[in-house]
Protein chains: 2
Amino acid sequence: MNEFEIVVETESPCHYRRALEVVSSKWTVLVFYELEEEKKRYSDLKRRVEGVTQKMLTQTLRQLERDGLVERFVYPTVPPTVEYALTELGKSLIEPMRVLHRWTDAHYDSVLEARKVFDQANG
Amino acid sequence: MNEFEIVVETESPCHYRRALEVVSSKWTVLVFYELEEEKKRYSDLKRRVEGVTQKMLTQTLRQLERDGLVERFVYPTVPPTVEYALTELGKSLIEPMRVLHRWTDAHYDSVLEARKVFDQANG
DNA sequence: CTGAATCCAAGCAGATACTG
DNA sequence: CAGTATCTGCTTGGATTCAG
C-alpha cells in the first residue's frame with residue numbers, strides 16, 4: 001500500500017468489464033477447472049474438455065498464458081511434451097470463480113424458469 | 001429442498017459456463033451496475049452507459065429481463081416512460097459480481113503487466 | 001421516448017491440411 | 001505430440017431508418 005493509492009469509491013464498470021473478459025471466453029473456465037486439479041498436458045486437456053477443438057484449446061491456453069494465469073512448460077522430448085499449470089495469479093482467481101459458481105448452483109434453475117415464462121409470454 | 005435432490009459434489013463446468021453467459025456479455029455488467037443504484041429509465045441508461053448503441057442496450061435489457069434479473073415497467077404516458085429495475089434474483093447476483101470486481105481491482109494490473117511481458121517475449 | 005427492422009462489415013469459430 | 005496455416009460459414013454489432 002502506498003500513500004498515494006487512489007481509493008476508488010465509485011464503481012469502475014469499464015475496468016471490471018475488461019477483467020471479465022479474462023474469464024468469460026467460451027472455453028476459459030473449462031480449462032481453468034481442469035488445471036485447478038493439477039497441471040496437465042495439452043493432449044489431456046484436449047481429451048477432457050469435451051467439444052473443444054484444437055484451435056480453440058490452443059487459443060485459450062495462449063490467452064491464459066498471456067494474462068499470466070497459466071504457465072507453459074515445454075520438455076524437449078520426442079515427441080514433445082507440453083504441460084500447463086495455473087500460476088499463483090491464476091490460483092487467486094479460483095475463489096472468485098467459485099463464488100459465481102455457487103450462485104449458479106443456487107439460482108440457475110430460476111433463470112431457466114424465468115426464461116420459460118418469458119418465452120411463453122412473448123414469441 | 002426435496003429428498004431426491006441430487007447433490008453434485010463434482011464441479012459442473014458446463015453448467016457454470018452457461019451461467020457465466022448471464023454476466024459475460026459486453027454490456028450486461030455495465031447496465032447491471034447502473035440498475036444497482038436505483039431503477040432507471042431507458043433514456044437514462046442510454047445516456048449513462050457510455051458507448052452503448054440503442055440496439056445493444058435494448059438487446060441487453062431484453063436478455064436480462066428474459067433471465068429474470070431485470071424487471072420492466074411501462075407507464076402509459078405520452079411520450080412513453082419505461083423503467084428498468086433489478087429483481088430479487090438480480091440483486092442476488094450483485095455480491096458474486098462484487099467478488100469478481102474485487103479480484104479485478106486487486107490483480108488486474110498484474111494481468112496487464114503479464115501481457116506486456118508476454119508480448120515483448122513474443123511478437 | 002422507446003423501441004423494431006434492416007443492411008452490412010468485421011470478427012469468431014469449425015473444418016481441414018500440414019509440420020517440427 | 002503439439003501445434004500452425006488457411007479457408008469459410010456464421011454470428012455479432014454498428015449504423016441507419018422507420019414507428020407507436
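Numbered from 1 within each chain, the chains take letters A, B, ... in sequence-line order.
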Reading nucleotides 1-14 of chain C from 5' to 3' and marking B where a protein heavy atom lies under 4.0 Å of the base, S where only the sugar-phosphate is that close, and - otherwise, the string is BSBB-B------BB
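Residue pairs that meet the salt bridge (Lys or Arg N to Asp or Glu O under 4.0 Å) test with at least one member in residues 81-97 of chain A, sequence neighbours left out, are A:Glu88-A:Lys91, A:Glu95-A:Arg102.
Using the six-membered ring where Trp is involved, B:His107 and B:Trp103 have ring planes that are tilted, between 30° and 60° apart.
Nucleotides of DNA chain D with any atom under 4.0 Å from a heavy atom of chain B span, from 5' to 3', D:dG13 to D:dG20.
In terms of the salt bridge (charged side-chain N to carboxylate O under 4.0 Å, His left out) criterion, residue partners of B:Glu65 (sequence neighbours excluded) are, by chain and number, B:Arg62. Residues meeting the side-chain hydrogen bond (donor to acceptor under 3.5 Å, both in side chains) test with B:Thr28, sequence neighbours left out: B:Ser25.
Cluster annotation: B:Val82 and B:Val70 are assigned to the same hydrophobic cluster (Ile/Leu/Val/Met/Phe/Trp/Tyr, side-chain heavy-atom contacts under 4.5 Å, transitive).
A donor-acceptor contact shorter than 3.5 Å is absent between the side chain of B:Thr87 and the backbone of B:Glu71.
In terms of heavy-atom proximity, B:Leu35 sits nearest to B:Lys40 at CD2-N, 3.9 Å.
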Taking it one step at a time, do B:Gln120 and B:Arg115 satisfy side chain to side chain contact (heavy atoms under 4.5 Å, CB included)?
-> CA-CA 8 Å; B:Gln120 280 177 354; B:Arg115 285 182 185 170; over 6 Å; no
Stepwise side-chain hydrogen bond (donor to acceptor under 3.5 Å, both in side chains) check, B:Thr81 with B:Tyr42 = CA-CA 8 Å; B:Thr81 300; B:Tyr42 181 89; over 6 Å; no
When Watson-Crick pairs (N1 to N3 and N6-O4 or O6-N4) and G-U wobble pairs (N1-O2 and O6-N3) count only below 3.5 Å on both distances, what is the dot-bracket string of DNA chain C, with | for other-strand pairs?
-> ||||||||||||||||||||
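With ring centers used as reference points, B:Tyr108 lies 6.0 Å or more from B:His101.
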